[in-house]
Amino acid sequence: MEIIRTVSELQSALSKVRNLGGVGLVPTMGALHEGHMSLITRARKENATVVVSVFVNPTQFNNPSDLATYPRTEEADCRLLEAAGVDIAFIPTVEEMYPEEDCRVFNLGPVAEVMEGPMRPGHFNGVAQVVSKLFAFTNPTRAYFGEKDFQQIAVIRRMVELEGGFNNLEIVSCPIKRHEDGLAMSSRNVRLSAEQRSVAPCINLALKASLIKAAEGSLNETRQWVIDTINRYPFMEVEYYEIVDGITMQPVSNWDDTEYAVGCITAYCGEVRLIDNITYNPSSK
């Protein structure tokens with residue numbers, strides 16, 4: 001595995017292998033876990049060359065303390081990447097990614113104006129900035145993202161439409177990887193205390209139980225039940241739970257409003273912000 005830290009070296013390395021077949025890109029912010037590994041495993045199956053970027057992108061953090069406390073484990077990450085058969089680990093500095101301030105503002109539209117949009121002003125624009133750069137640097141055949149960041153995938157698809165230069169790029173969404181107790185894998189989980197870690201799976205438990213509630217009651221009743229259930233646990237506070245159309249990301253009020261209803265949740269466990277989601281099937285009601 002090559003560890004590459006500059007854009008010029010990355011492009012030079014890719015020029016030597018591009019004729020061998022597809023290039024798969026897995027963008028990450030490091031602190032890798034089995035969820036990342038599942039993306040890499042799929043990329044490895046579908047491409048001749050696999051590139052994994054490890055970069056904590058400052059422009060997508062609207063909370064300076066969140067940026068400061070985001071875990072950074074480069075040595076351990078590299079060991080995992082090599083064992084997974086990754087060809088190139090792209091680990092740039094902030095100066096390499098942003099030699100000058102990126103002033104681009106993306107017209108991401110409605111998919112970015114709900115849920116995470118108002119809660120984290122500027123976050124999705126920062127995501128679009130860094131991902132568009134990574135796409136431009138690698139010109140991948142496929143790029144892999146985990147469905148835990150469900151809204152982010154919609155935003156990235158919108159960014160690709162806006163940019164127009166990635167017409168042959170396939171955005172591949174991959175299922176959420178979970179711990180045995182149901183908690184969605186996240187780099188932030190390491191910040192949970194032992195007590196908090198024992199409570200955090202209540203998010204997924206409530207979402208799964210809400211499938212039964214959805215079969216019995218209205219969408220708004222289901223939504224409120226999830227919020228109330230999670231908030232009863234110690235350490236837990238729901239920031240939002242929205243049931244949205246899985247394509248447009250727009251909240252819906254009734255099960256009949258969409259054939260693809262997805263419940264997206266953000267909840268704090270202590271000071272750690274956790275996200276998750278679940279898909280409903282209102283057409284079966």
Side-chain angles (χ1 to χ4, degrees), residues 1-5 10 14 22-58 60-61 66-67 69-93 97 116 123 126-127 130-131 133-135 137-138 140-157 169-192 197 200-201 203-204 264 266 272-277:
M1 181 181 79
E2 288 187 81
I3 298 176
I4 292 176
R5 299 187 184 275
L10 174 66
L14 287 174
V23 173
L25 172 67
V26 182
T28 83
M29 293 205 298
L32 303 179
H33 50 68
E34 289 181 35
H36 297 109
M37 294 301 109
S38 68
L39 305 183
I40 293 166
T41 297
R42 181 161 177 184
R44 182 73 282 168
K45 290 178 181 178
E46 297 178 350
N47 302 277
T49 302
V50 174
V51 180
V52 177
S53 62
V54 177
F55 179 66
V56 181
N57 175 44
Q60 70 189 68
F61 285 82
D66 194 20
L67 174 61
T69 58
Y70 198 89
R72 293 163 171 82
T73 56
E74 183 180 314
E75 288 188 15
D77 290 347
C78 286
R79 288 194 294 270
L80 288 171
L81 294 177
E82 187 154 27
V86 169
D87 299 292
I88 297 172
F90 179 49
I91 311 178
T93 63
M97 289 296 290
E116 293 294 277
H123 167 68
V127 169
V130 73
V131 173
K133 282 175 173 282
L134 290 170
F135 286 175
F137 297 159
T138 58
T141 312
R142 302 171 188 88
Y144 297 81
F145 299 89
E147 290 178 356
K148 179 172 69 69
D149 298 291
F150 190 79
Q151 186 180 7
Q152 177 176 279
I153 295 174
V155 167
I156 289 168
R157 293 187 191 280
L169 170 61
E170 180 184 356
I171 303 297
V172 182
S173 61
C174 301
I176 299 172
K177 189 78 171 176
R178 299 184 182 277
H179 295 281
E180 288 186 6
D181 58 11
L183 179 64
M185 291 186 178
S186 169
S187 300
R188 289 185 166 87
N189 291 350
V190 299
R191 295 173 50 200
L192 296 168
R197 176 62 185 81
I203 299 172
N204 181 243
C264 297
T266 295
V272 182
R273 192 173 189 267
L274 303 173
I275 64 174
D276 206 338
N277 60 76

Student check: side-chain heavy atoms of P140 and N47 closer than 4.5 Å: no
Test item: T141 and E46 side chains (from C-beta on) under 4.5 Å apart, heavy atoms: no
What do the steps show when you test V131 against Q60 for side chain to side chain contact (heavy atoms under 4.5 Å, CB included), and what is the final call? CA-CA 11 Å; V131 173; Q60 70 189 68; over 6 Å; no
Which heavy atom of T28 sits nearest a heavy atom of G30, and at what distance? OG1-N, 3.1 Å
Apply side chain to side chain contact (heavy atoms under 4.5 Å, CB included) to residues T73 and L32 and explain how you reach the verdict. CA-CA 8 Å; T73 56; L32 303 179; over 6 Å; no
Contact between V52 and L39 at the side-chain level, heavy atoms closer than 4.5 Å - yes or no? no
Closest contact, heavy atoms only, E147 versus I153: CA-CD1, 3.9 Å
So, do F61 and M29 sit near enough that their side-chain heavy atoms are less than 4.5 Å apart? yes
What distance do E170 atom CD and Y144 atom OH have between them, rounded to the nearest 0.5 Å? 6.5 Å
Heavy-atom pair of closest approach, residues V26 and A43: CG2-CB, 4.0 Å
Atom pair NZ (K148) and CZ (R178), whose distance is rounded to the nearest 0.5 Å: 10.0 Å
Atom of A143, atom of L169 and distance for their closest heavy-atom approach: N-CD1, 3.9 Å
Nearest 0.5 Å, what's the CE-CE distance between M185 and M37? 11.0 Å
Closest approach of A31 and S187, non-hydrogen atoms and distance? O-OG, 2.9 Å
So, the side chain of R44 versus the backbone of A48: is there a donor-acceptor pair under 3.5 Å, distance only? yes
What do the steps show when you test E116 against C264 for side chain to side chain contact (heavy atoms under 4.5 Å, CB included), and what is the final call? CA-CA 10 Å; E116 293 294 277; C264 297; over 6 Å; no
Nearest 0.5 Å, please: how far is CG in L25 from CG in L14? 9.5 Å
Quick check against the 3.5 Å criterion: does R5 have a side-chain atom that pairs as donor or acceptor with the backbone of I3? no
Quick one: does N189's side chain get under 4.5 Å of H179's, heavy atoms only? yes
Side chain to side chain, F90 and M97, heavy atoms closer than 4.5 Å: yes
Can you check whether P27 reaches K133 side chain to side chain, under 4.5 Å on heavy atoms? no
Quick check against the 3.5 Å criterion: does H33 have a side-chain atom that pairs as donor or acceptor with the backbone of G35? yes
Rounded to the nearest 0.5 Å, the CG atom of L80 sits from the CD1 atom of I40 at a distance of 8.0 Å
Any side-chain heavy atom of V54 sitting closer than 4.5 Å to one from L81? yes
Donor-acceptor pair, distance only, cut-off 3.5 Å: does the side chain of N204 make one with the backbone of L183? no
How long is the gap from OG on S173 to CD on Q152, to the nearest 0.5 Å? 12.0 Å
Would you please test N277 and Q151 for side chain to side chain contact (heavy atoms under 4.5 Å, CB included) and show each step? CA-CA 10 Å; N277 60 76; Q151 186 180 7; over 6 Å; no
